[in-house]
Amino acid sequence: MFLSSRLDPLPNVAIDAIHAGLPVVCFDKASGIAEAFEDDDLLRTLVVPYYDIDAAADTLGALARNVGLRNRMAERLRALAAKRFDMGRYAKEIERLLRLTANLKET
């Protein structure tokens, strides 16, 4: 997937792709997806310089030609999704924060 957006901080379509193990090529400093990949040497190769269309095309082409690379990335992406984009855990954290806020207002 090519995330061409330079405005959305954390697009759901990219999160869905990551959950599916689909590589997401994106621009550096253009979304939170690039930041999500920064701690993994393999996934960091999906981040291309800001607005460098040629680098994005090269990366997409390399992925299209290399099934083994896509498979290795798929494993890492699914692991990242489980760790960083777990909606159940996110919802529980929102609920915890709401309860904490409600308790603060009562005192």
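Heavy atoms only: backbone and side chains are in, while hydrogens, waters and symmetry mates are out. Everything numeric in this text was worked out from a predicted model, so none of it was measured.
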Colleague: List the atom of L3, the atom of A14, and the distance in Å for their closest heavy-atom pair.
Modeller: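 Answer, listing the atom of L3 first, then A14: CD2-CB, 4.2 Å.
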Colleague: For D41 and T45, which heavy atoms make the closest approach, and how far apart are they?
Modeller: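 Here D41 and T45 meet closest at O-CG2, 3.6 Å.
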Colleague: According to side-chain hydrogen bond (donor to acceptor under 3.5 Å, both in side chains), who are the partners of E93, at least two apart in sequence or on a separate chain?
Modeller: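 By the side-chain hydrogen bond (donor to acceptor under 3.5 Å, both in side chains) rule, E93 matches R96.
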Colleague: Minimum heavy-atom separation for I18 and L77, please, with both atom names.
Modeller: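 Between these two residues, the closest heavy atoms are CG2-O, 3.4 Å.
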Colleague: Roughly how far, to the nearest 0.5 Å, is CG of D58 from CD1 of I53?
Modeller: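 Going from CD1 on I53 over to CG on D58, the span is 11.5 Å.
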Colleague: Are side-chain heavy atoms of R99 and L97 found at a separation under 4.5 Å?
Modeller: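 R99 does not reach L97 side chain to side chain.
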Colleague: Would you name the heavy atoms of F2 and F27 that are closest together and state the gap between them?
Modeller: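 Smallest interatomic distance, heavy atoms only, reads CZ-CZ, 3.7 Å.
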Colleague: Is a side-chain N or O of R70 found less than 3.5 angstrom from the main chain of P23, in a donor-acceptor match?
Modeller: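 Such a contact is absent between R70 side chain and P23 backbone.
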Colleague: Using modelled atom types and a 3.5 Å cut-off, is there a donor and acceptor pairing between side-chain atoms of R44 and backbone atoms of F37?
Modeller: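 No: the side chain of R44 does not pair with the backbone of F37.
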Colleague: Rounded to the nearest 0.5 Å, what's the gap from CD1 on I15 to CD1 on I33? Could you check?
Modeller: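 Spacing of CD1 (I15) from CD1 (I33) equals 5.5 Å.
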Colleague: Could you list the donor-acceptor pairs under 3.5 angstrom formed between side-chain atoms of residues 83-90 and any protein atom two or more places apart in sequence or on another chain?
Modeller:
from, atom 1, to, atom 2, distance (Å)
D86, OD1, G88, N, 2.9
D86, OD1, R89, N, 2.7
R89, NH2, K83, O, 2.1

Colleague: State, yes or no, whether a side-chain contact exists between L80 and L43 at a heavy-atom distance under 4.5 Å.
Modeller: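 Side-chain contact under 4.5 Å: yes.
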Colleague: Tell me every residue that passes side-chain contact (heavy atoms from CB on, under 4.5 Å) with L42, counting only those two or more places apart in sequence or in another chain.
Modeller: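 side-chain contact (heavy atoms from CB on, under 4.5 Å) list for L42, sorted by chain: D40, L69, R72, M73, R76.
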Colleague: Assess whether side chain to side chain contact (heavy atoms under 4.5 Å, CB included) is satisfied between T59 and V47, documenting all intermediate values.
Modeller: CA-CA 9 Å; T59 301; V47 180; over 6 Å; no
Colleague: Tell me, do D52 and D28 make a side-chain contact under 4.5 Å, heavy atoms counted?
Modeller: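 Side-chain contact under 4.5 Å: no.
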Colleague: Rounded to the nearest 0.5 Å, what separates atom CG in L10 from atom OG in S31?
Modeller: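 Answer rounded to 0.5 Å: 7.0 Å.
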